[in-house]
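This report concerns only the one structure given below.
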Amino acid sequence: MYKAASFGLLRSTPLRSSSPSSLFKPLASSRISASLVGSRSVAFVRPLSVLSGSLRYSCGSDRRSSLGSVRAWIGEKPAVADRFERKFATMAAENPFKGILTSLPKQGGGEFGKYFSLPALNDPRIDKLPYSIRILLESAIRNCDNFQVTKNDVEKIIDWENTAPKLVEIPFKPARVLLQDFTGVPAVVDLACMRDAMNKLGSDSNKINPLVPVDLVIDHSVQVDVAKSENAVQANMELEFKRNKERFAFLKWGSTAFRNMLVVPPGSGIVHQVNLEYLGRVVFNTEGLLYLDSVVGTDSHTTMIDGLGVAGWGVGGIEAEAAMLGQPMSMVLPGVVGFKLNGKLKNGVTATDLVLTVTQMLRKHGVVGKFVEFYGEGMGELSLADRATIANMSPEYGATMGFFPVDHVTLQYLKLTGRSDETVSMIESYLRANKMFVDYNEPQAERVYSSYLELDLASVEPCISGPKRPHDRVPLKEMKADWHSCLDNKVGFKGFAVPKEVQDKVVKFDFEGQQAEIKHGSVVIAAITSCTNTSNPSVMLGAGLVAKKATELGLQVKPWIKTSLAPGSGVVTKYLLQSGLQGYLNKQGFHLVGYGCTTCIGNSGDLHESVGAAISENDIVAAAVLSGNRNFEGRVHPLTRANYLASPPLVVAYALAGTVDIDFETEPIGVGKDGKNVYLRDIWPSSEEIAETVQSSVLPDMFKSTYEAITKGNPMWNNLTVPTTSLYTWDPESTYIHEPPYFKDMTMSPPGPHGVKDAYCLLNFGDSITTDHISPAGSIHKDSPAAKYLMERGVDRKDFNSYGSRRGNDEVMARGTFANIRLVNKLLNGEVGPKTVHIPTGEKLYVFDAAMKYKSEGYDTIVLAGAEYGSGSSRDWAAKGPMLLGVKAVIAKSFERIHRSNLVGMGIIPLCFKQGEDADSLGLTGHERYSIDLPTNISDIRPGQDVTVTTDNGKSFTCTVRFDTEVELAYFNHGGILPFVIRNLASSQN
């Protein structure tokens, strides 16, 4: 199933290789003997320039001086660079660890293949390494060529216990790259544009091709236009294709124009659930070489695959594009938090309750930039789906990964989901041989962690999170009191500042001819959605059991509440039908609306006009309850100011109650058909009841039949016709796909570093500005600059679609930057919305209009921000957009990991205030003009150095420049990561 030939989807080559090695066999055989090790080492020595190698891996006391000379030398003498390239390619021909290449025998004779054996190194330090670090070690050893990956890098990883606290830099080469369509469209647009740039530079455009497998799942485009209908899934898919036909055709073109790219069509599932159930290999077997699966993805919840024992995390789209093109990822060797799990969850407690508890604990502990590795006797009590739920929310607790090593539970899941017995046997044999398998029946070797946490699973209690952040957990028994506190509190993450005298106001309105009413806390959206929970049969079937019991007792969800069910794969539909529970969900309005992310990413569709009017005209704080992973204000729906994350069974319960202003312990959900009060405990299934339903309803054949069909696409997708050219023909009239200006007037000479001189402050923010604030994915407001642009080009308002769907058009996305309707900008003195003040004139303008005014006047701009700037989804447009607006630097208290690297990738300078300082403490109002003093020679800048910022009113303060590695400095020197890659590919030999 996982061999190359089985991936019968869209590709331009007859065989989809799981490794780039096969692409370069002629190169390998011309330079060295065609041995397995030799061919692989040369395959990874794509000549992405001596510059990359020297910058990334120089070491020693004279490192900075040699870096400076190499930078200058290579920048000025391409012929010299070519000679060095040939020399280094020769040096890199053989893997220095080829001596530990070991055969893995099959039980009945023969061998599975060969692998790089960690035990063969005979280094006792390896036995103490966390499993997650061993994955980095195996990758470094396998890819070691003393060019892009050196023996010194391998030693750093082996000596992790001592080197990690020093924040040393290492290279990492993921085995594959994962995309969804919101991030995949701009990635393919960039690749197409890079091909054009290569052409203009007189080089071979076909050098722009993925060198590792790229899987793209189209899951972010379906919206809940139609709900509460048997026909909803078909109707929504027809609307999805009508809106997105141009985008989908573009992606289908990309699947044929680029090698090694697999596209999973719309209507198939959510990317992370498809990854978990189908795409995840755990161990690759490529032409007889066994190696660990690992993945980086352009969606921050790529971490879900960590629950399967596959190392995976989210990166920016521009980083992912570089990884596709053979660039090693530069990363700081992370610390690892050991999280010990003991005991067993109490009856009635769900995996969602557990993950919200873990999220709060880890957020408090502080795990940004670290791996979290779970272990302990409690692991045996968690299903694979439970583990994947916890791993999925790594971005919410701030970790790079939440990792679960492979054990017997993992192997059982692989068999359940249709992986062949031979594949599972190969995986187990490899992992045991390489000391990567956890067998809880054997004594456990003591592993070393950077810090430790412990949780007794029996202490977890039912909970939800909100109303505005995933880590604001509220125990269910305290929810009513917490809600009233939120109404009272001043506006903030836990406050709405509703005056006491109007908190009990009831608004009556007409809903399709019947009397309806809402008040503060009324639920208007209840959505079972998102990869976090829909991949977990226990909570999905639990939701069905709640619906069944409620229906049998005579309870009914109010008709004005928008209910929906959007699972992450067709398997969910199969087991809900098998169990007989889908019918009960339908009776409560939770009809299937599509297979995709929907409400969790803001694709919740419109509320009924009468409901929307009742909320808007009466300033009601309405609520959404969803089984998602993100609930930032303005994300789920513009009219739901309170958004709570809950397990699927609780989503059904809150829909039945119709309000979040309820104490489920003491207050009834409703009145049954017998006239008696019905409480939550009356409709809540026991853990045993859920387990029995899972056992009888979730069957291996469901996974096999679902994923056999996934390769055939659907009729609407199959009927799309696309050109077969390798270069894309840009349509200047298109409002979906537009040639971006990133490489306009690009030459082979890097522009060099830039400081900032007399810049104006475009925006002045407080804490927790998310990527949703910077680059919203949801609906396009009718009065926004993006709406004006679309209407000027003849697009009707009903066809605006979402920002996320238009990420292939830079004109729309630049106008959508900082367009979130809930944006809080200190320059507006308390007014909320996507506007700012043009400082020279005092005009209040949309952010885009102000930015264009500054640009036309020849002024640079900067952004001031508080802590956690750029948290939320990994969104490259949150960096691309500000760059297009002319933002040259962001000065913040702290940055979210992926967003900081994205800013660097787009040539924007990230700066951090010194500890204990921020804009307010320094007396900065944002009305000043800012100058940032940076050297003009890249060799005079070092990672993490201090720089001085001065203002025109005489203030001066010191910041840390957040170029964290030498490689990031190289990107900055070139004006960004993509120009860096293009120049190096263009100058390389064929």
Side-chain angles (χ1 to χ4, degrees), residues 468 491-492 496-497 602 616 619 632-635 637-639 641 759-792 797 800 802-803 806 810-857 859-866 869-870 872 875 877-892 919-920 924-930:
K468 302 182 185 183
V491 174
F496 298 104
S616 300
D619 199 23
F632 304 125
E633 191 171 9
R635 177 186 176 98
H637 192 282
L639 295 178
R641 285 155 64 189
Y760 282 100
C761 177
L762 182 62
L763 296 145
N764 184 4
F765 292 130
D767 294 343
S768 296
I769 291 296
T770 70
T771 51
D772 282 302
H773 291 117
I774 304 168
S775 182
S779 58
I780 297 172
H781 194 272
K782 61 183 176 64
D783 299 321
S784 66
K788 181 181 176 185
Y789 171 86
L790 291 171
M791 287 188 289
E792 286 173 351
R797 186 183 167 191
F800 279 179
S802 63
Y803 282 114
R806 292 191 181 270
D810 58 283
E811 296 281 5
V812 174
M813 296 308 295
R815 288 163 173 79
T817 302
F818 300 113
N820 190 301
I821 61 171
R822 298 294 177 193
L823 199 67
V824 178
N825 172 17
K826 294 179 184 178
L827 293 177
L828 293 179
N829 296 319
E831 182 181 337
V832 176
K835 293 189 176 182
T836 193
V837 174
H838 179 253
I839 303 298
T841 63
E843 288 179 89
K844 186 168 70 176
L845 302 170
Y846 280 105
V847 175
F848 173 79
D849 295 333
M852 293 304 100
K853 193 172 177 68
Y854 282 126
K855 285 186 83 169
S856 68
E857 295 163 346
Y859 298 128
D860 290 341
T861 54
I862 60 105
V863 170
L864 295 176
Y869 183 76
R875 194 163 292 174
W877 268 112
K880 289 176 176 176
M883 184 275 288
L884 292 175
L885 295 190
V887 173
K888 300 300 181 185
V890 178
I891 310 174
D920 291 341
L924 304 174
T925 65
H927 289 264
E928 308 85 356
R929 297 182 72 175
Y930 294 79

Any donor and acceptor pair, going by atom type alone, linking the side chain of [X] with main-chain N or O of [Y] inside 3.5 Å?
{"X": "Lys855", "Y": "Leu884", "answer": "yes"}
{"X": "Glu792", "Y": "Leu790", "answer": "no"}
{"X": "Lys468", "Y": "Gly492", "answer": "yes"}
{"X": "Thr836", "Y": "Leu762", "answer": "yes"}

What's the separation between atom [atom1] in [X] and atom [atom2] in [Y], rounded to the nearest 0.5 Å?
{"X": "Glu928", "Y": "Ile839", "atom1": "CD", "atom2": "CD1", "answer": "8.5 Å"}
{"X": "Asn825", "Y": "Glu831", "atom1": "CG", "atom2": "CD", "answer": "9.5 Å"}
{"X": "Trp877", "Y": "Ile774", "atom1": "CH2", "atom2": "CD1", "answer": "14.0 Å"}
{"X": "Arg929", "Y": "Ile862", "atom1": "CZ", "atom2": "CD1", "answer": "12.0 Å"}
{"X": "Tyr930", "Y": "Ile891", "atom1": "OH", "atom2": "CD1", "answer": "7.0 Å"}
{"X": "Tyr859", "Y": "Lys853", "atom1": "OH", "atom2": "NZ", "answer": "10.5 Å"}

Kindly give the heavy-atom pair with the smallest separation between [X] and [Y], and that separation in Å.
{"X": "Phe800", "Y": "Met791", "answer": "CZ-CG, 3.7 Å"}
{"X": "Ile780", "Y": "Ala786", "answer": "CG2-CB, 4.0 Å"}
{"X": "Leu763", "Y": "Lys835", "answer": "CD2-O, 4.4 Å"}
{"X": "Cys761", "Y": "Leu827", "answer": "O-CD1, 3.8 Å"}

Pair listing, ring-ring contact (aromatic ring centres under 6.0 Å, His included) test, anchored in residues 826-854, at least two apart =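 Checked against ring-ring contact (aromatic ring centres under 6.0 Å, His included) - neighbours excluded - the pairs reaching residues 826-854 are Tyr760-Tyr854, His838-Tyr854.
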Stepwise side-chain contact (heavy atoms from CB on, under 4.5 Å) check, Leu828 with Val837 | CA-CA 7 Å; Leu828 293 179; Val837 174; 4.0 Å; yes
Hey, does Thr770 have a side-chain heavy atom less than 4.5 Å from the side chain of Arg635?
->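 Side chain of Arg635 against side chain of Thr770, heavy atoms only: no contact under 4.5 Å found.
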Can you pull the salt bridge (charged side-chain N to carboxylate O under 4.0 Å, His left out) pairs that have at least one residue in residues 779-788, sequence neighbours excluded?
->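 Those involving residues 779-788 do not exist here.
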Can I get a per-line list of side-chain donor-acceptor pairs under 3.5 Å for residues 813-824, giving both atom names and the distance, sequence neighbours left out?
from   : atom 1 : to     : atom 2 : distance (Å)
Arg815 : NH1    : Glu811 : O      : 2.9
Arg815 : NH1    : Glu811 : OE1    : 2.8
Thr817 : OG1    : Met813 : O      : 2.8
Thr817 : OG1    : Ala814 : O      : 3.4
Asn820 : OD1    : Arg822 : N      : 2.7
Asn820 : ND2    : Asp772 : O      : 3.0
Arg822 : NH2    : Pro638 : O      : 3.1

Report the C-alpha separation of Lys880 and Asp810 in whole Å, then their side-chain angles, then the decisive distance to 0.1 Å, and conclude whether the side-chain contact (heavy atoms from CB on, under 4.5 Å) test is met.
-> CA-CA 9 Å; Lys880 289 176 176 176; Asp810 58 283; over 6 Å; no
Candidate pair Tyr803 and Ser775, rule side-chain contact (heavy atoms from CB on, under 4.5 Å), full reasoning = CA-CA 8 Å; Tyr803 282 114; Ser775 182; over 6 Å; no
Just do the side-chain contact (heavy atoms from CB on, under 4.5 Å) check on Leu864 and Lys826 with the steps written out, would you?
-> CA-CA 10 Å; Leu864 295 176; Lys826 294 179 184 178; over 6 Å; no
Assess whether atom NZ of Lys844 is packed by more than 12 heavy atoms of other residues, nucleotides or ligands within 6.0 Å.
->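 Not buried by this count: 12 neighbours or fewer within 6.0 Å.
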